[in-house]
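To find a chain, count down the sequence lines: A is the first, B the second, and so on, and within it residues start at 1. Fair warning: this is a prediction, and the values are worked out from it, not measured in the lab.
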Amino acid sequence: MSTQPAQPGTIFSPTLAARFDRLVTLYPVKRSALVPMLLYAQDEIGYVSDAVIAEVAARIGITELDVRNVVSYYSLLRTKPAGKYHVQVCTNISCMLRGGNEILDHCKKKLGIPNKGVTPDGVFSLEEVECIGACSWGPAAQVNYAFHENLTPESMDQVLADYRAKAQNGGGK
Amino acid sequence: MATLTTHPDCVPLVSYRFGKGATNIDKYLELDGYKSARKALELGPDAIIAEMKTSSLRGRGGAGFPTGMKWSFVPKQSARPKYVLVNGDESEPGTCKDRLIFEHDPHSVIEGVIIAALAIQAKMGFIYLRGEYRYLIEIMEKAVADAYAKGFLGKKILGSDIDLDVVVQTGAGAYEVGEESALMESLEGKRGVPRIRPPFPAVVGLYGGPTIINNAETIATVPHIFRIGAAEYAKLGTERNGGTRLFCLSGHLVRPGVYELPMGYNLKKMIYEVGGGIPNGKKLKAVVPGGSSTPVLLPEEIDIGMDFDQVGKAGSMLGSGGVVVLDETVCMVEFALRTMKFYQHESCGWCIPCREGTDWLKKSLTRLHEGGAVDKDIDNIRYLAENMLGRTFCPLGDAAAMPTIAFVKKFRKEFEDHLEGRGCPYHRAAQPEPALV
Amino acid sequence: MADVTFTVDGKKLTAPAGTLLIEACRAHGIEIPAFCYYPGLSLQAACRMCVVRIEKVPKLQTACTTPVAEGMVVTTESPEIAQARKATIELLLGNHPLDCPVCDAGGECELQDMTFKYGAHESKFADIKNHRDEQQWSPVVFFDRPRCILCYRCVRVCGEGMDVWALGIQNRGSGSVIAPNQQDHLDCEECGMCIDICPVGALTSGAYRYKTRPWEMSHVGTVCTHCADGCKTTLGVRRASDGMEIVRGDNRDKSGINGDFLCIKGRYAFDFANRDDRLTKPLLRQPNGEFKPVPWDEAIEFAGKRLREIRDSRGGSSIGVIGSNRTTNEEAYLLQKFARTVLGTNNIDHHRTADYPAFAAALAGISDASLRDFASAKAVLLLGNDPTEQHPGLAWQLRTGVRLRGLHLYVANHQNIKLRRQAAAFLQIREGDYAPLIAYLAGNDSALDGNGEAKAFREAIRAEESLLIVFGAEFRGRDIEALVQFGSSLPSVKFACLGDYANSRGAADMGLYPDLLPGYIPITASAQFAQEYGPSLPSQPGLDLLQMFDAARRGELAALYIVGSNPVARYNLDPAALRNTFIIAQDLFLTETARLADVVFPAANLYEKSGTVTNTFGDLQLVRKAADRAGARTDFELIVRLAAAMGANVKQLVPFEHRGVRADMGQARGAQSGEADRHGVWLAAHHLEPKLSPFDPFAILDEMQRLIPAYNVPRLDLLVGNDQHSRSGPASGLVQIQTAAARRDLVLPSSDTLFTSGTLGRYSSTLSSVLESREPAETAAD
Ligand SMILES: Cc1cc2nc3c(=O)[nH]c(=O)nc-3n(C[C@H](O)[C@H](O)[C@H](O)COP(=O)(O)O)c2cc1C
Ligand code: SF4
Ligand code: SF4
Ligand code: SF4
Ligand code: SF4
Ligand code: FES
Ligand code: FES
């Protein structure tokens with residue numbers, strides 16, 4: 001997942017490093033780039049590691065404490081690795097009415113992990129999440145950033161199977 | 001791909017270009033794109049704001065504040081730069097409409113930003129999308145790049161002397177960041193904690209400059225107002241509630257979906273005709289009319305027009321347009337608990353009543369749902385919610401308290417049925433849910 | 001701003017427009033409860049305790065964020081408001097451990113007080129509270145998370161107030177928590193401001209934690225013994241087996257020139273006083289070279305006899321005296337009087353940390369700046385020094401001025417000092433370029449590499465309508481003269497000279513110099529003193545500190561009396577030089593210097609005595625006796641006893657009978673210590689009236705004030721504890737100090753950091769543990 005650092009002094013891929021170089025110039029203040037940077041860094045590195053925090057802090061010119069204060073606020077940002085495919089099942093009201101809890105339970109059983117767990121092979125992780133903006137098409141889930149809607153236990157099985165196949169084929173996210 | 005659902009009563013105004021490939025800028029131009037921006041450029045700031053007032057468009061983010069009036073609060077002269085901020089944080093449970101706009105008609109948002117920027121003489125705009133909407137961020141970024149390439153953004157836009165930059169920003173998971181001042185904090189790279197008001201954003205907003213912040217649907221509506229004319233637009237809706245809105249129908253319906261209907265459309269009709277009624281021959285139990293923050297309505301309370309004033313009169317709120325329909329099988333305690341779990345998870349934690357109140361309410365409701373509560377717990381739940389109401393730093397506390405009060409008030413019997421080990425009459429006692437964080 | 005009139009609880013009030021309602025109410029004695037509001041820190045509106053009802057506004061409003069407006073009608077107490085506050089407290093208590101009986105804040109906890117006031121004691125909460133273990137974040141700071149009510153005062157005082165930004169807020173919602181900058185520990189200035197400001201017992205100090213309960217302490221307001229800023233500190237003391245022990249230092253009542261500020265030293269480094277290795281018995285060196293504890297009378301008799309013999313046989317000029325930077329003015333004054341009139345020598349000096357005589361000479365009657373002047377200054381020019389490390393109190397004032405009053409701070413330094421962050425302009429110069437800089441500022445373009453930066457700096461300074469110039473020990477002698485001369489060309493200017501210890505300025509003012517009498521009167525112009533002191537006053541300048549050691553090496557210094565000073569270590573002197581000198585040392589600890597002595601007297605420290613001290617800005621303050629250590633005696637008493645043992649006329653030394661104040665009004669006495677009895681016995685033995693005591697330092701105040709015009713401040717104000725700025729320097733013409741070249745430059749800056757305090761600092765376990773925790777060496781967070 002993590003790419004070989006190609007630019008000196010960065011842990012990020014050349015593409016991402018270049019993107020960050022540009023990102024900080026877009027705003028009236030550099031710090032505005034913080035939240036996007038953290039999310040994009042997580043997408044590449046897998047989580048917001050200490051090294052990510054250090055480099056982001058340096059790029060923006062704020063303390064690591066400042067960065068940690070922000071990281072810990074946002075629920076998409078995590079400081080521990082997740083599975084390659086992070087399954088996020090919505091159980092909020094609209095989804096709940098249409099079986100969101102059952103989908104979550106089904107995933108727990110199917111993957112053999114609890115909420116917030118990671119499968120031993122690191123392929124899947126599972127998280128119960130709040131509304132993801134798919135209420136009219138619930139129950140819904142996101143795997144990484146991809147939406148899966150109108151789910152049933154059967155269609156969820158298919159979703160998981162597809163990702164597992166992708167993982168076995170060495171596919172990316 | 002998320003799509004719009006239609007019904008003969010629908011009025012495709014904001015959704016005029018949905019499903020027509022308008023993410024492509026040429027297609028967008030073909031479908032009257034950027035004409036409104038040119039019109040606005042000719043009109044100039046005062047006339048734009050006058051048009052907006054005529055349209056009687058009210059904010060689609062939840063509070064329903066008249067948009068033209070909001071824009072008119074921005075001071076003409078300002079030492080600091082002014083900004084336009086589009087709120088695409090869409091996180092209110094039951095709401096999934098802004099997503100369709102970004103997905104199907106990203107340029108309408110950009111064009112709306114241009115018009116808003118012209119109205120207040122801003123030189124920079126931001127489109128803030130929730131982090132979960134990654135694919136939409138990509139769509140928006142492409143649209144912005146295309147608009148730059150065509151000279152609609154950047155230096156001397158549309159051949160005028162006016163410069164305008166637009167940046168697409170991602171959030172990273174936080175409902176509270178949808179609150180306007182918290183959104184500005186987030187955009188400044190901080191924790192999403194709201195700001196003290198006054199001063200209001202129109203005077204001191206992003207980076208300390210006057211800022212207008214509008215919901216994505218509000219902004220996307222703006223070019224359509226100029227496309228069909230403000231008076232025409234106003235006529236589509238009811239008094240003081242101009243135009244149409246994207247209603248998100250979810251829950252126990254035969255045809256859930258997002259529909260564009262005129263403001264003031266009858267709720268009962270919306271449920272039974274547009275949404276196809278309750279499936280499996282079940283009876284309607286309750287309706288949450290405007291997203292999870294709005295007080296629940298009973299079946300006998302839904303013969304009302306869906307505009308801000310009428311729903312307000314019925315004791316609830318039009319909110320974000322998320323109509324959540326509950327059939328008779330729903331346990332109201334469980335529903336109240338799930339609602340409170342959300343607010344407990346999303347409270348920013350800044351102020352005592354919300355931080356502690358949501359946590360306490362979640363614990364109490366959990367215990368109640370599991371059958372471990374006693375009589376005074378129900379009064380306590382109501383006492384707590386009533387004491388949060390109006391006392392918190394931002395409206396999230398109210399958003400957590402209001403529905404709770406309504407649940408207890410309107411379904412007290414059902415709460416009582418859970419007492420003293422009786423547990424949930426609808427389910428096996430729910431397994432304790434692992435906390436989200 | 002113009003005043004507005006508004007109504008609160010039926011009373012018509014006025015306040016300047018823009019005043020926050022909570023402040024306007026406080027000013028009129030209407031107290032509105034508040035957890036998160038704290039004067040001088042940014043507004044939060046987080047706790048919702050300060051809610052009030054404002055007419056025509058639908059919701060309750062927070063008084064801490066609402067500015068008063070003309071015609072506003074406010075209700076601050078009503079059943080509705082009481083209910084809102086009660087509910088807020090109930091909510092807080094829902095997750096609060098309520099371990100008041102063991103909590104450090106118990107008894108002075110704002111949450112306890114509010115709970116009591118609003119009657120929120122009936123627990124509605126039936127669920128399990130979240131428990132978390134207490135964490136140690138640094139040698140000083142401990143955190144008990146469940147007690148935290150998230151008022152964010154600590155975060156703000158550390159960031160906004162201290163400019164350290166070591167505390168953050170992490171997670172969100174009910175998971176929100178205060179977090180230290182190094183994940184599980186703090187790297188910070190250890191000032192304890194966060195602890196002090198915490199309204200509950202969430203942040204506690206290693207020094208005080210679980211030691212005592214507030215109501216078991218007595219509180220005594222006195223002055224910090226460490227740096228030369230003279231912060232007021234309130235010491236909490238309680239009875240211990242061997243006297244009164246200090247358990248806490250703070251300044252919650254904000255009464256001093258430091259407001260509520262204290263640095264780590266003022267707040268925690270009182271702990272040297274409680275050390276086990278403190279001297280508590282006089283030591284006499286035995287023929288075998290070893291020290292033997294002896295009774296007081298024996299030690300004093302012995303020392304007095306030897307001194308007398310030496311004086312009588314070899315003359316006063318064979319005796320040297322070294323005074324202290326940490327004794328009171330009265331003690332320093334008495335010491336020089338003793339040296340000059342009893343020992344008959346002008347060989348008296350002290351560890352000089354700034355060139356105060358040159359400063360006094362240069363000022364020639366212009367008033368110097370009080371630390372209080374910094375609280376209202378419009379512009380400050382800081383030359384040299386690093387106040388963050390060496391004058392934390394001043395640094396606080398400067399930061400606060402910049403933050404809250406728009407003070408313009410100009411900094412020129414050879415180092416990247418932390419205060420540059422507050423500076424309107426920062427000019428980095430080379431270490432040796434301070435004098436050229438002054439020449440440049442004065443208009444000599446060729447004096448400095450006149451790059452654009454320097455030019456802009458100069459122009460900005462010259463454009464200021466009024467300026468406070470504060471300079472470090474980089475400036476001495478002629479440079480000070482040049483600086484004052486330059487400053488005097490500006491429209492309105494005041495100066496401050498930065499020395500290093502609690503009473504360095506006092507030591508200088510009191511004439512601990514071989515060539516200067518109290519008030520910087522040259523020994524050669526001593527007419528008035530001769531009149532007071534009598535004919536025994538030697539008229540030739542004596543030896544300075546280094547000359548004394550040279551004389552000792554040559555065998556020409558027969559005796560040396562060292563009071564509260566460690567010159568051997570500080571000046572890195574060769575102990576062998578003193579081999580043939582009879583040495584009396586008076587100290588708290590067996591320092592490198594005391595170790596060489598023939599007689600060692602255990603001395604009391606500044607927290608164990610009364611008197612006055614003068615900070616480096618010339619602010620004269622009362623010190624009050626707070627603690628007491630059995631066995632130790634004040635330097636004042638020791639000097640008097642030594643004089644008596646030499647057969648001197650004690651009444652001549654301390655005019656306690658006739659011209660003195662009616663002595664011992666209680667200021668000098670630790671009532672619990674038995675000291676009064678001890679004095680009574682001594683007085684009776686000497687056939688003296690027990691009501692009047694020569695050990696009362698205030699007995700000498702009259703004489704001091706008469707002889708040193710600068711100290712002629714209103715006595716009453718001083719005695720009630722108000723700091724008094726010493727009068728403008730001696731009227732010009734009176735002083736003709738030989739300036740610059742003629743005087744030897746013996747200034748040796750202490751180079752202390754936030755965590756050191758000369759020799760004394762080494763005996764503070766708090767300071768030592770902070771230093772140890774930071775190895776490899778590192779200074780304050782920057
Ligand atoms: C807790 C909270 C969450 C909110 N979330 C959103 C949101 O996700 N999207 C949105 O447009 N407005 C949201 N709002 C409303 C905004 O604060 C603001 O009123 C709105 O963006 C203004 O736009 P409008 O006038 O166009 O409605 C939220 C408000 C609160 C109090
Ligand atoms: S009500 Fe208070 S705690 Fe809740 S989200 Fe708003 S500011 Fe944060
Ligand atoms: S610098 Fe002072 S206020 Fe900041 S954390 Fe350290 S002790 Fe607390
Ligand atoms: S630790 Fe104390 S000062 Fe800091 S937020 Fe908590 S209660 Fe307030
Ligand atoms: S600043 Fe100086 S006087 Fe004040 S507390 Fe610190 S060491 Fe003591
Ligand atoms: S409730 Fe599940 S997506 Fe909105
Ligand atoms: S003191 Fe006003 S909200 Fe805390």
Side-chain angles (χ1 to χ4, degrees), chain A residues 23 26-40 42-43 48 60 62 66-67 69-78 88 90-98 100-101 104-105 114-116 127-138 140 142 144-147 149-150, chain B residues 2 5 81 90-96 98-99 124 130-135 165 167 169-175 177 186-193 206-207 209 248-252 256-258 288 292 322 324-327 330 334-335 338-339 341-342 345-346 348 430 433-434 436-437:
Chain A
L23 204 57
L26 292 183
Y27 310 86
V29 303
K30 264 193 187 175
R31 189 169 171 159
S32 284
L34 180 58
V35 174
M37 257 189 177
L38 289 166
L39 192 59
Y40 299 146
Q42 169 168 293
D43 291 345
V48 182
I60 290 181
I62 56 179
D66 276 330
V67 177
N69 295 343
V70 170
V71 169
S72 61
Y73 178 88
Y74 292 94
S75 55
L76 277 185
L77 301 174
R78 53 178 176 260
Q88 302 147 84
C90 172
T91 60
N92 212 313
I93 49 172
S94 301
C95 291
M96 177 179 106
L97 293 176
R98 295 182 80 92
N101 285 324
L104 178 68
D105 287 344
N115 181 27
K116 302 232 160 185
E127 188 176 352
E128 177 185 12
V129 295
E130 299 298 353
C131 175
I132 51 178
C135 324
S136 292
W137 312 286
Q142 268 188 300
N144 296 346
Y145 291 109
F147 280 87
E149 294 161 347
N150 296 309
Chain B
T5 318
E90 183 160 77
S91 310
E92 171 92 359
T95 317
C96 49
D98 298 342
R99 198 179 143 193
M124 192 157 192
R130 62 181 300 189
E132 291 84 350
Y133 285 177
R134 169 57 56 82
Y135 78 109
D165 284 306
V167 173
Q169 179 83 350
T170 176
Y175 166 66
V177 159
S186 176
L187 190 41
E188 291 180 15
K190 302 183 201 139
R191 296 163 55 80
V193 170
L206 198 58
Y207 310 114
C248 320
L249 273 51
S250 69
H252 294 136
V258 179
V288 176
S292 61
V324 186
V325 178
L326 287 67
D327 75 14
V330 179
E334 187 185 6
F335 196 81
R338 187 61 189 86
T339 305
K341 268 173 80 173
F342 171 71
H345 185 249
E346 298 299 332
C348 83
E433 290 281 343
L436 280 171
V437 158

Checklist entry - B/Glu90: what forms a salt bridge (charged side-chain N to carboxylate O under 4.0 Å, His left out) with it, not counting sequence neighbours? => result none
Item to check | CA sep, side-chain torsions, deciding dist, call: A/Glu128, B/Lys341, side chain to side chain contact (heavy atoms under 4.5 Å, CB included) | outcome: CA-CA 12 Å; A/Glu128 177 185 12; B/Lys341 268 173 80 173; 4.0 Å; yes
Checklist entry - Which residue out of A/Ala146, A/Gly138, A/Ser94 racks up the most heavy-atom pairs below 4.5 Å with chain B? => result A/Ser94
Next on the checklist: Counting heavy-atom pairs closer than 4.5 Å to chain A, which one of B/Glu346, B/Gln169, B/Lys190 comes out on top?
Outcome noted: B/Gln169
Checklist entry - Which word best sums up how the rings of A/Phe147 and B/Tyr135 line up, parallel for under 30°, tilted for 30 to 60°, or perpendicular for over 60°? => result perpendicular
Item to check | Which of A/Asn92, A/Val70, A/Leu34 touches chain B most, by non-hydrogen pairs under 4.5 Å | outcome: A/Asn92
Checklist entry - Within the distance-only criterion (no hydrogens, no angle test), does the side chain of B/Tyr207 pair as donor or acceptor with the backbone N or O of A/Val29 below 3.5 angstrom? => result no
Item to check | From B/Thr339 atom OG1 to A/Ile93 atom CD1, the distance as rounded to the nearest 0.5 Å | outcome: 5.0 Å
Checklist entry - Minimum heavy-atom separation for A/Cys135 to B/Thr95, with atom names? => result SG-N, 3.3 Å
Checklist entry - Hey, which of B/Ala174, B/Ser292, B/Pro93 has the most heavy atom pairs under 4.5 Å with chain A? => result B/Pro93
Checklist outcome for this item: Assert top hit (heavy-atom pairs under 4.5 Å, partner chain A, pool B/Gly322, B/Ala2, B/Ser186) equals B/Ser186
Checklist entry - Which atom pair, heavy atoms only, marks the closest approach of B/Met124 to A/Leu26? => result CE-O, 3.2 Å
Item to check | Donor-acceptor contact present, side-chain A/Ser32 to main-chain B/Leu187, <3.5 Å | outcome: yes
Item to check | Counterpart residues, side chain to side chain contact (heavy atoms under 4.5 Å, CB included), relative to B/Pro81 (two or more places apart) | outcome: B/Tyr83
Item to check | Salt-bridge contact A/Glu130-B/Arg130 (side-chain N to carboxylate O under 4.0 Å) | outcome: no
Checklist outcome for this item: When the 4.5 angstrom heavy-atom criterion is applied to A/Glu149 and chain B, the contacting part is side chain
